[in-house]
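Every heavy atom of this structure was used, including side-chain atoms; hydrogens, water molecules and symmetry mates were not.
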Amino acid sequence: MPILLLFDIDGTLLRGGPAKTAFRQALEGVFGTAGRVDEWSFSGKTDPQIAQELLGDAGIPKDRVESGLDELWERYLGEMERRIPGDPPRLLPGVPDLVGALEGRRDVALGLVTGNIARGAALKLGAVRMDEPFQVGAFG
């Protein structure tokens, strides 16, 4: 039975890219505010949790946030797709070599555990050609 090795995406596999800008644009487009997005810590949180926190802090009722999440994710993903070519994320040093070495082993399976919504994770990883090695995932 293979050993399952789990990776986070942001800060572990890659850094940078347009995600925060795309998130801000989507929040403003759907809810009329992005709250204090530039001051907010995204670390260790799921995308839905971040949206709830930011918008709750800005006075948007929880039920209004929940009813707007589908539109938020649609806009966010559209903004990501539009912005990635001009501002792609960057793989962290050593990641391609490490993942390449592990990917070739029969005793190892690679997976993701991330707060990113699944399609956002796919966009980020696809931008750096790192979407193939991961066989399983848990997403925000």
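- Residues satisfying the side chain to side chain contact (heavy atoms under 4.5 Å, CB included) criterion with Gln135, sequence neighbours excluded, are Ala109.
- Ile50 and Leu123 fall within the same hydrophobic cluster, defined by Ile, Leu, Val, Met, Phe, Trp and Tyr side-chain heavy atoms under 4.5 Å apart, directly or through other members.
- The neighbour count for Asp70 CG, taken as heavy atoms of other residues, nucleotides or ligands under 6.0 Å away, does not exceed 12.
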* To do: Please report the C-alpha distance between Arg82 and Glu79 in whole Å, then the side-chain angles of each, then the deciding distance to 0.1 Å, and finally whether the side chain to side chain contact (heavy atoms under 4.5 Å, CB included) criterion is met.
  => CA-CA 5 Å; Arg82 189 174 70 75; Glu79 285 290 324; 3.0 Å; yes
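- Proximity of Phe7 to Leu98: side-chain heavy atoms (C-beta onward) are separated by under 4.5 Å at one or more points.
- Under the 4.5 Å side-chain criterion, counting only non-hydrogen atoms from C-beta, Leu72 is in contact with Phe31.
- Minimum heavy-atom separation, Ala51 to Leu69: CB-CD2, 4.2 Å.
- With respect to the salt-bridge test (charged N to carboxylate O, under 4.0 angstrom), the residues Asp57 and Arg36 qualify.
- Under the side chain to side chain contact (heavy atoms under 4.5 Å, CB included) criterion, Val136 pairs with Leu4, not counting sequence neighbours.
- A salt bridge between Glu71 and Arg75 is present, with a side-chain N of the basic residue lying under 4.0 Å from a carboxylate O of the acidic one.
- The nearest pair of heavy atoms linking Val128 to Pro89 is CG1-O, 3.3 Å.
- A salt bridge does not link Lys20 to Asp38: none of the charged nitrogens lies less than 4.0 Å from a carboxylate oxygen.
- Taking each heavy atom of Leu13 and Val95 in turn, the nearest pair found is O-CG2, 3.6 Å.
- Across all their heavy atoms, Ala34 and Arg24 have their closest contact at CB-CG, 3.7 Å.
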* Intermediate values then yes/no, side chain to side chain contact (heavy atoms under 4.5 Å, CB included), Leu125 and Leu14 -> CA-CA 8 Å; Leu125 292 172; Leu14 54 82; 4.2 Å; yes
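- Side-chain contact check for Leu92 versus Thr12: every heavy-atom pair is 4.5 Å or farther apart.
- The two residues Trp73 and Phe23 come nearest to each other via the heavy atoms CZ3-CE1, 3.5 Å.
- Under the 4.0 Å criterion applied to side-chain N and carboxylate O atoms, Asp131 and Lys124 are not assigned as salt-bridge partners.
- Within the 3.5 Å criterion, the main-chain N or O of Ile117 finds a donor-acceptor partner in the side chain of Asp47.
- Contact record, Pro88 with Pro85: CD-O, 3.9 Å, taken as the closest heavy-atom pair.
- Considering only residues two or more places apart in sequence or on other chains, Ala121 meets the side chain to side chain contact (heavy atoms under 4.5 Å, CB included) condition with Ile9, Thr114, Asn116, Phe139.
- For Glu81 and Arg119, the salt-bridge test passes: some basic side-chain N is under 4.0 Å from an acidic carboxylate O.
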